[in-house]
Every structure is written in structure tokens, then in C-alpha cells.
Amino acid sequence: MSEKYDHKVIEKKWQDVWSASGVYSAGENSVKPKKYVLDMFPYPSGDGLHVGHPKGYIATDIYSRMKRMQGFNVLHPMGWDAFGLPAEQYAIKNKVHPRVAVEKNTKRYKEQLSMIGFDYDWSREINTTDPTFYKWTQWIFLKMFKKGLAYESYEPINWCPTCQTGLANEDLEDGKCERCDTPIEKKPMRQWVLRITDYADRMLADIDKLDWPVSIKEAQKNWIGRSEGAEIDFAIEGSEKKITVFTTRLDTLFGATYCVLAPEHKLIDELKESIANWGEVEKYRTETKARTEIERTAEGRDKTGVKIEGVSVINPANNENLPLFVADYVLGHYGTGAVMAVPAHDERDFEFAKKFELSIKRVVAHDIKKIRGVGAILETNTGTFIFQKRDANAPSRPGMISSFGGRPEDGEDELTCLKRELFEELLLKIKDDDAQYIGAFGYKDDGTRNILFHVGGVDTSTLTLMEGESIVEMKVEDALNHEKVTDFVKEALIELTDVKKQSVYLDDGRLINSGQFDGTPNEDAKKKITDFVKGRWVTKYRLKDWVFSRQRYWGEPIPLIHCEKCGVVPVPEEDLPVVLPEVESYEPTGTGESPLAGIPDWVNVPCPNCGDVGKRETNTMPQWAGSSWYYLRFIDPHNTNMLVDKEKEKYWSPVDMYVGGAEHSTRHLIYARFYHKFLYDIGVVNYDEPFNRLQNVGLIIAEDGRKMSKRWGNVVNPDDIVSMYGADTMRLYEMFMGPFGQSVAWSTKSIVGPRRFLERVWRLKEKVSKTEDGLRAEVALHKTIKKVGEDIEEFNFNTAISSLMILLNELEKIETVSKNDFEVLLVLLAPFAPHITEELWRDLGNKNSIHLEPWPIADPAKCVEGEVTVAVQVNGKLRDTIIVSRDTEEDVVKEMALARPGVQKWMEGMVFSKIIVVPNKLINIVIKE
RNA sequence: GCCGGGAUGGCGGAAUUGGUAGACGCACACGACUCAAAAUCGUGCGGGGCAACCCAUGAGAGUUCGAUUCUCUCUCUCGGCACCA
């Protein structure tokens with residue numbers, strides 16, 4: 001063993017030894033408990049890895065190593081996701097076959113990963129482009145097809161003109177192609193679509209049982225976007241036809257003043273005969289079609305639309321006749337593509353109604369019974385306030401339980417007086433922000449003015465006024481017309497009740513102007529009115545079915561055959577895989593067909609059903625097909641009879657720890673959960689969720705704060721770092737940079753910290769006693785064992801490393817370090833820095849690999865110091881510290897603390913109040929003047 | 001706009017159930033070793049003050065003997081969704 005820490009020699013040496021001895025292969029038929037630790041497998045690009053890529057792999061490596069040492073049978077595999085556009089585009093650009101490109105890139109990736117010293121079981125390596133793998137990707141598709149989950153659709157889909165392929169909703173980012181940033185066009189074409197929406201409710205419900213980061217769970221909930229509402233029918237005047245609308249606000253049905261159809265709505269064509277201004281309507285629809293999704297949904301865009309003349313609809317609630325419009329603010333693909341418009345309670349409808357001068361009818365109002373309210377009456381003749389506190393639960397006169405009096409002090413105006421009195425009498429503090437809720441109304445009575453103040457809201461349907469000694473109730477509308485009510489009060493009333501204000505009211509409240517439903521809380525009214533108009537209570541999802549076909553070459557062929565006689569016929573399972581054929585040009589055709597369509601030999605096959613000439617489906621699957629189930633194949637990668645052996649699946653599934661980037665939250669992780677639930681339904685897997693625990697890896701961004709990219713020339717290559725500082729240092733550094741899930745900027749100058757640490761560990765061996773084996777740093781050691789174990793479990797690698805550094809600092813203070821202590825340090829460090837620890841471990845005379853050593857267990861009794869430092873506070877401020885032996889009696893500690901000069905100084909002239917003691921931690925002396 | 005995170009020295013970041021704020025590392029300064037430099041080792045390192053002390057965890061209130069931690073209000077920031085009825 002060399003005296004200098006030479007990472008190049010050491011790392012190569014042990015990597016060779018490990019791969020030759022198979023220390024990391026996952027055992028079959030093991031009686032040990034299992035741990036399936038998985039990385040989101042990479043897509044090998046032509047650029048190779050940058051230092052950010054391995055971050056997650058380092059984490060699973062550390063985790064899986066600790067689990068192995070803790071006695072688990074660990075499965076930690078690695079493979080390649082290689083179908084799809086990136087590889088194909090790379091191939092086109094570099095004029096090689098995609099397969100050749102994938103082979104080359106994969107080889108490079110594997111070399112780079114190997115240098116970092118990962119514990120992958122390479123005997124389980126998979127590649128999604130391998131026919132023995134994609135045979136099963138096709139097999140799953142066939143199963144879905146047979147269950148009716150895959151269907152052919154001719155609906156307009158998202159088309160990327162640059163990539164020349166249709167895309168799924170998940171492939172868009174703000175209406176642009178996620179890959180190339182091109183605005184998406186709507187294009188009607190034949191597509192294969194998967195009914196992922198059938199699983200929306202289950203995917204949503206099961207999110208709660210997953211141990212995943214909150215942010216990902218929230219993102220998935222948003223993506224699925226469940227909303228409950230009602231579908232109701234609006235009859236068309238003088239026609240058998242009707243318009244079905246979807247709304248979550250059926251409580252506002254009486255306030256509907258018009259209806260709107262999306263430009264794509266089929267009914268428009270059906271109504272052509274009755275539409276008086278067909279030309280205008282048709283023109284508007286054409287214009288809409290020409291707009292991209294971005295243009296159409298751009299924020300702040302003025303509402304546009306056209307009134308459909310000659311057609312009107314009937315509000316089922318009150319039989320009112322309502323005009324009908326076509327407008328593109330209603331989307332064809334959500335709900336029913338038609339809405340009832342309630343401008344008083346919906347911002348979009350309000351905007352549209354204002355522009356087209358349509359009537360606005362308010363049907364929900366503030367509910368004072370729900371809000372805290374205080375009324376106050378000012379009698380101007382006597383200058384006295386009478387306060388009345390409203391309380392929804394008061395028995396006799398609802399809302400009035402007590403009265404108080406008060407009068408304005410010198411120079412106070414009415415509002416100031418009210419505020420002060422409210423505070424004094426009711427301890428109700430009115431902030432200035434609440435002023436908008438403070439209004440005043442009253443009326444003239446024999447030349448005097450009575451004012452009634454309300455704080456917190458006003459019952460809009462009924463108003464309480466003082467009429468001499470008696471209380472009179474009247475409607476707001478009546479009060480506005482009341483001769484005795486002053487203009488000042490009328491203004492206040494309007495302000496308070498929004499009655500004439502032109503604004504949208506979105507809060508909850510009680511119904512008004514709604515016939516028999518007046519006074520009903522609007523939440524209750526939703527169901528009541530649904531029943532009343534015989535609506536259907538339904539659930540809608542934002543999630544759309546998965547557009548599953550791509551008009552590109554480099555993907556799994558969809559295993560279907562079109563036959564004139566039999567229709568669409570699945571390729572028999574025994575004929576799988578349908579191998580992707582060689583083709584002269586794999587560049588996209590742009591015609592809506594993939595390049596496969598140009599190979600007659602491949603396309604024309606006999607129909608498996610009738611034997612007539614059939615044509616193969618020429619679309620291919622999207623990049624996400626293979627990655628939606630690959631984790632199952634690692635369990636049984638070489639099985640030629642089935643996707644995965646049932647027994648093996650039962651043993652290894654589900655994945656215990658899954659690590660990858662947050663960018664997959666609404667694509668890969670949605671797709672995989674969908675696939676897994678389907679496979680559960682057909683009995684392939686035994687549990688209905690694929691990934692029990694998920695950890696997000698935070699990005700490593702470049703030193704300049706930008707994303708690492710060739711384009712910016714700021715890429716740091718891991719090969720260089722490994723060569724210069726060693727794999728162990730890089731591993732340590734990436735884990736030490738900051739919290740694992742958080743993105744951090746790379747800093748090459750900071751790498752020296754971890755490197756110095758390893759060099760100090762290396763040098764510590766000189767101080768290790770070869771003979772005696774005492775336990776000199778017992779407490780420090782056991783604290784570290786506890787901390788490192790817990791931190792790795794929770795993915796707090798930065799603090800785990802910090803605690804190892806602290807232990808080293810402790811050991812360095814000791815003249816001769818015991819062999820035992822040093823070995824524990826090495827074992828704890830081994831998952832982080834596998835090479836240097838193996839070298840030092842063997843140097844101590846150990847015959848077996850350190851990576852097969854049992855993980856140490858912390859003894860709780862040895863984790864505590866015999867002596868503790870107790871903080872001494874006076875009135876919560878630190879004034880001194882005292883060192884006492886652990887669990888010293890409280891009285892003794894108190895006495896010691898009070899005797900300290902630093903404490904006495906503060907007690908002079910003070911009255912002693914009490915002492916708070918936190919055992920072994922702190923003592924706080926509370927004193928008063 | 002809605003939902004969910006977050007804000008602590010020059011920098012990355014630590015802080016059990018509320019209990020000595022700034023662990024660990026980087027950078028920096030000084031010292032030792034050296035002809036010198038690098039490496040290494042040692043000391044210091046939130047701000048103010050000679051000091052005693054005072055002020056400091058985005059801002060402001062509150063609860064408490066005691067708040068980075070709990071409650072309320074606000075600001076900024078990151079992420080998801082968004083003309084989704």
C-alpha cells in the first residue's frame with residue numbers, strides 16, 4: 001500500500017476486484033428481507049454525462065450500500081431508455097442509424113458510470129430498444145387493446161410541425177412542444193389513444209398512500225384535475241335538440257343570462273338550418289381554427305364571439321329564454337364544450353357580458369349569519385351609541401343578543417368612536433383593512449339622523465332599521481328607495497351589498513332572485529337545484545386520454561394489423577415482438593404516416609384473422625412506453641415466457657426507493673402509475689402502485705447559475721473531476737453540497753473540502769494502534785453511528801457527511817486512535833467513499849470486502865456525554881454556562897447557577913419570580929423589577 | 001388568479017417535542033513550517049462596541065419564562081395548474 005493517497009490507483013484496482021467477485025449481485029431465493037432501490041434510468045444522449053447526472057445515482061448507491069450492510073437483499077439495477085426522438089434526431093444529424101447511435105451512447109454512459117464506482121448489478125442491464133425488451137412493451141399494448149383501453153381516434157390532436165409528429169398533452173409546455181419549443185398546432189389525424197382517464201379517479205385516490213414529496217403529489221393532483229359538478233340540459237326553443245352544459249356552479253343557474261358553445265361544438269353544424277347568420281358564425285369558427293392554442297388562451301386577450309341568431313335556449317330553472325353564442329373562451333375539449341354563462345358570478349362570463357352588453361343578474365349574496373357582525377346605532381340627539389352584537393346562534397331574535405352604549409369623545413368622528421367603543425366593549429379590534437366592511441346606513445327621523453353600523457358584512461335580503469323604539473325590517477331595494485334614507489346611507493348600502501356594483505361575486509353566500517331557493521346557502525343549493533332541474537351529478541377531469549402514436553421511426557411498432565374485412569386485428573401474442581424493420585430513410589415523412597409506411601414488404605401481411613391481405617399499423621409508440629414499466633423487467637430481465645415471473649415479482653415489488661428528477665412528476669410518474677394499475681388489474685403484478693417511496697434529486701446547475709449545457713459552454717464533465725480528485729471525492733462533494741432535493745450550483749473550488757477530508761482520513765491510519773483496541777471516543781462514535789444511519793435513511797446526506805467530519809475532528813485530537821474506532825469510521829464512510837475505505841480496510845488486515853460488513857448499531861446508552869453544558873439564562877437571555885455531570889439534581893444546578901457572578905449581577909434590585917429547568921440543557925431564571 | 005414549497009453570515013448550509021442561532025464545509029485574515037511558494041498545521045471569522053453589553057434567522061404583530069421553530073397579517077421567491085366553466 002502506497003503512503004500517499006493515490007485515488008487513480010486505488011479506484012481502478014477495487015472496481016476491477018468488485019466486478020470480478022460479484023459482491024453487488026442481487027440474490028435470488030433469498031430468505032433475507034428485500035430492498036428494491038431504483039434510479040430513473042437514463043436516456044443516453046450523444047453528449048455524455050455531466051456532473052449533475054450522477055447525483056441521484058450516488059444517492060441510491062449510498063442508500064443501497066447501507067441497506068446491504070444492514071442485511072437486506074438489495075436490488076439496485078441500471079438500464080437504458082433509448083427509443084424516441086432524441087436518439088432519432090441525433091442519428092439524423094450525425095448520419096448514423098439510431099441503433100448505432102444508441103449503442104455508442106450507451107457504451108459511453110456505462111463507461112462514465114463505471115468510473116464512479118456504483119454497486120449496480122450489471123447482469124440485469126436492460127435496454128428499451130432491445131427486441132427482447134420491447135416484445136413486452138408491445139405485449140402490454142395488446143392487453144390494453146383487448147381490454148378496450150386503446151382506441152383509434154380522429155379527433156384533432158397536438159401536432160408539432162418541427163418534430164413532425166403528434167404529441168400527448170403531457171408533451172406540451174405552455175402550448176409549445178416540450179422538446180423544440182415550437183407552438184403546437186391542432187391537426188385532425190388518425191391516432192391511437194390510451195384511456196388513461198379511466199384510471200383518473202384511482203390514480204387520484206391512491207396518491208395519498210404514497211410516501212412521495214408533497215410537491216409531486218400536488219403536481220399530480222393538479223394534473224389530474226378532478227372537479228365535481230352537474231350536467232344539465234338547456235332545451236332549444238322550437239327544436240327537439242338540446243344543449244348539455246357542465247357546471248360546478250349550478251347554484252347560480254337562476255343567474256344564467258346566456259349560453260355559449262365552443263367553436264368546435266358539433267351542434268353548431270346540426271343547427272345550420274336554423275342559424276340566421278350562418279356566414280358570420282362559420283367565419284368565426286374558421287378564424288378560431290387558425291389560431292394556435294397559445295393565441296387562443298393568451299392571458300388578457302379580449303373575449304371574442306358571435307351571437308347565434310335565430311336560436312335561443314330555455315333556462316330549465318325559470319323557463320327564461322336566453323340567447324346563444326359561439327365563443328372561443330369555451331374550450332371544446334373540456335366538460336361538454338358548452339357552458340351556461342352567469343356573468344354575475346363568473347369572471348369570464350362577466351367580461352364577455354360587459355363586452356356584448358348582456359344582462360347581469362346577481363343570485364348569491366353575503367350571508368351575514370355566517371360572519372361576525374356588530375351593529376351600532378348612533379342616536380344623534382343624545383350622541384349615544386347602542387351596540388348590538390350579532391350571533392347566529394342566539395335563540396329569540398337571531399343575531400341580537402346584547403346592547404352597549406357610548407358617546408364620541410372630544411374631536412372624534414363617528415367611525416373613530418365606533419372603532420374605539422367596539423374595542424373597549426367587545427374587545428373587537430378593527431383593523432384599517434377591515435374598513436371596507438364597515439358601512440353605515442340609517443334614515444332621517446324628525447331631523448335627526450340615526451346610523452346603523454355593520455362590521456363584517458350585511459344581510460342583503462333584509463335590513464334592520466331603528467324606527468324610534470321599534471325595529472323595522474325591510475329589503476335592501478326598499479331601503480334604497482325609502483324617502484327617509486339619506487343619500488350618504490344609500491351610498492354606503494350600495495357599497496356594502498354590491499347590489500348595484502358592477503363586479504363579480506365569487507364568495508359563498510345565500511341565494512337571492514332564485515325563486516323558491518331564496519335564502520338557501522349556495523353550497524346546499526348546488527344539489528337541490530340539480531335535483532330540481534333533473535341534472536346529472538358528474539365528475540370531470542382535466543387529464544386527457546393519452547395520445548399514444550407517433551409518426552416517427554425510432555419507436556416500438558404498434559402491434560396491430562388493419563384488415564378490410566375484419567377491421568383492426570391484434571398481432572397474435574406468439575408473433576411478438578413485431579421487430580422494427582430496417583428502412584432506407586428514417587426521417588419523418590410529415591404526411592401523418594411514419595417512415596414504416598414506405599416499406600411494402602413489412603406493411604403488407606396476411607390478416608391473422610381471415611388470411612386476406614392486411615396492412616400493419618405504421619405508427620410507433622411514444623418514448624414513454626418503455627419507461628412506463630421497465631422497473632418490472634429488472635426483477636426478471638431474461639425471462640422469455642412472461643413479462644415477469646409472478647413469484648419474483650411478489651418478492652421484489654414494489655420499488656422501495658425511487659430516485660429521480662421532479663421534471664417527471666406529470667409524465668413518467670403518471671404513465672407508470674397508469675400502466676402499473678392496469679397490470680395489477682390483469683394480474684401481472686400483486687400490488688397497485690409501482691413506487692412506494694420517491695425522493696427527488698435537485699438539479700446541479702452550472703457555476704454561472706445557468707443550466708449546464710453545451711450551448712452555454714458551462715458543462716463540467718465527471719470524467720475530469722474523477723480524474724483530478726477521484727470518484728470518492730466527487731461522490732462526497734455532490735452529497736455534501738446541500739440538501740439532496742434542492743438544486744445547487746456546482747463549485748469546483750469547494751471540492752477541496754471533501755478531498756481534504758478524505759486525505760485526513762487517509763493520514764489518520766498513521767495514528768491507528770495496531771495492537772491495543774480501546775474505545776477512546778466512544779460517545780462521539782455512537783453519536784455518529786446513530787446520526788449517519790438516520791440521515792442516510794432520510795436522504796440527508798449533507799448532514800451525515802458533516803457528522804463524519806465531526807467524528808474525524810474528534811479522532812484527530814486523540815494521540816493514538818484505536819483500531820476499532822478507525823474501523824467504525826471506515827464502515828460508516830464506506831457507502832459514500834467505497835474505494836478509499838476498501839483500501840484502508842484491507843490494509844488493516846481484513847480479508848473480506850468492507851461493503852459486506854454489517855452496519856454498526858448505535859448503543860443509546862453510549863450516545864450521551866457524562867458531562868453536559870447547561871445554559872444559564874436570565875429572563876430568557878443567555879448569561880452564562882455551567883458544566884455539570886449528567887442528570888445532576890435540579891436543586892444543585894439551580895444553586896450553582898444562582899451563585900454565578902454573571903447571574904448575580906442581573907439579580908441585583910430584582911424580585912425573584914421563578915426558575916425554569918430543562919434537564920441537562922438549560923436553566924432560565926425569571927426575575928422582575 | 002388557485003394550489004404547494006421556501007427565505008438564516010461573504011457563500012453552500014446546520015439547529016430533537018419551542019430550550020446556548022450560525023454545526024460542517026468553502027472563501028477570507030493572521031501565525032507556524034519554508035530561501036520562497038504550494039501543500040500541511042494552528043488561530044480568528046454575523047453586525048456594532050475598548051469593554052460590560054446591545055442588535056441580529058425576509059417584514060410586522062401575537063402566544064410563551066424562552067420563538068429560526070407555533071398563530072395571524074404582509075413582502076419577495078421557486079415549483080405545479082390556469083379562459084378547465
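The chains referred to below are lettered A, B, ... by the order of the sequence lines, with proteins before strands, and numbering in each begins at 1. Reckoned from all heavy atoms, side chains included, excluding hydrogens, waters and symmetry mates.
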Let me know the distance between [atom1] of [X] and [atom2] of [N], rounded to the nearest Å.
X      : N     : atom1 : atom2 : result
A:M735 : B:G25 : CE    : P     : 19 Å
A:E347 : B:C83 : CD    : P     : 13 Å
A:D880 : B:A52 : CG    : C1'   : 14 Å
A:L807 : B:A23 : CG    : P     : 18 Å
A:K544 : B:C81 : NZ    : C1'   : 13 Å
A:L922 : B:G18 : CG    : C1'   : 11 Å

Does [X] reach a base, just sugar-phosphate, or nothing at all? Heavy atoms under 4.0 Å.
X      : answer
A:R760 : sugar-phosphate
A:S750 : sugar-phosphate
A:R226 : nothing
A:V918 : base

Minimum-distance nucleotide (side-chain atoms of [X] versus [options]):
X      : options             : result
A:V926 : B:C65, B:G25, B:C81 : B:C65
A:M805 : B:A15, B:G19, B:G25 : B:G25
A:R763 : B:C81, B:U20, B:U40 : B:U40
A:K905 : B:A52, B:C65, B:G12 : B:A52
A:W906 : B:C54, B:U20, B:G12 : B:C54
A:N809 : B:G19, B:A85, B:G25 : B:G25
A:R542 : B:A85, B:C53, B:C81 : B:C81
A:T248 : B:A85, B:C81, B:G25 : B:A85

Can a salt bridge be assigned to the pair [X] and [Y] using a cut-off of 4.0 Å between side-chain N and carboxylate O?
X      : Y      : result
A:K176 : A:E173 : no
A:K544 : A:E170 : no
A:R763 : A:E812 : no
A:R536 : A:D233 : yes

With a 4.5 Å cut-off on side-chain heavy atoms, are [Y] and [X] touching?
X      : Y      : value
A:Y541 : A:D201 : yes
A:I243 : A:L324 : yes
A:I925 : A:I927 : yes

Could you tell me how far [M] sits from [N] if I compare only their [atom1] atoms? Round to whole Å.
N     : M     : atom1 : answer
B:C50 : B:U63 : C1'   : 40 Å
B:C45 : B:A27 : C1'   : 11 Å
B:U77 : B:U8  : C1'   : 15 Å

Item checked: B:G42: syn or anti, per glycosidic angle within 90° of 0 -> anti
Next item on the list: Establish, with yes or no, whether the OP1 or OP2 oxygen of B:C26 is under 4.0 angstrom from a side-chain nitrogen or oxygen of A:R755.
Entry: no
Check: Got a donor-acceptor contact below 3.5 angstrom from the A:D791 side chain to the A:A800 backbone?
Finding: yes
Write out a two-atom table: protein N or O, nucleotide N or O from nucleotides 2-7 of chain B, distance below 3.5 Å.
residue : atom : partner : partner atom : Å
B:C3    : O2'  : A:E218  : OE1          : 3.0

Check: Where is the tightest heavy-atom contact between A:I700 and A:M737, given as atom of each residue plus distance?
Finding: CD1-SD, 4.0 Å
Notebook entry, point to check: Which pair of non-hydrogen atoms, one from A:E347 and one from A:V504, has the smallest distance, and what is that distance?
Noted result: N-CG1, 3.9 Å
Item checked: Base-paired stems that RNA chain B participates in, counting runs of 3 or more Watson-Crick or G-U pairs under 3.5 Å -> B:1-7 with B:75-81, B:10-12 with B:24-26, B:28-32 with B:40-44, B:46-48 with B:53-55, B:58-62 with B:70-74
Check: Would you say the side chain of A:K221 and the base of B:C81 hold a donor-acceptor pair, judged only by whether the two atoms sit under 3.5 Å apart?
Finding: no
Note to self: So that I know where these two stand, are A:F352 and A:Y258 an aromatic pair - ring centroids less than 6.0 Å apart?
What the structure shows: yes
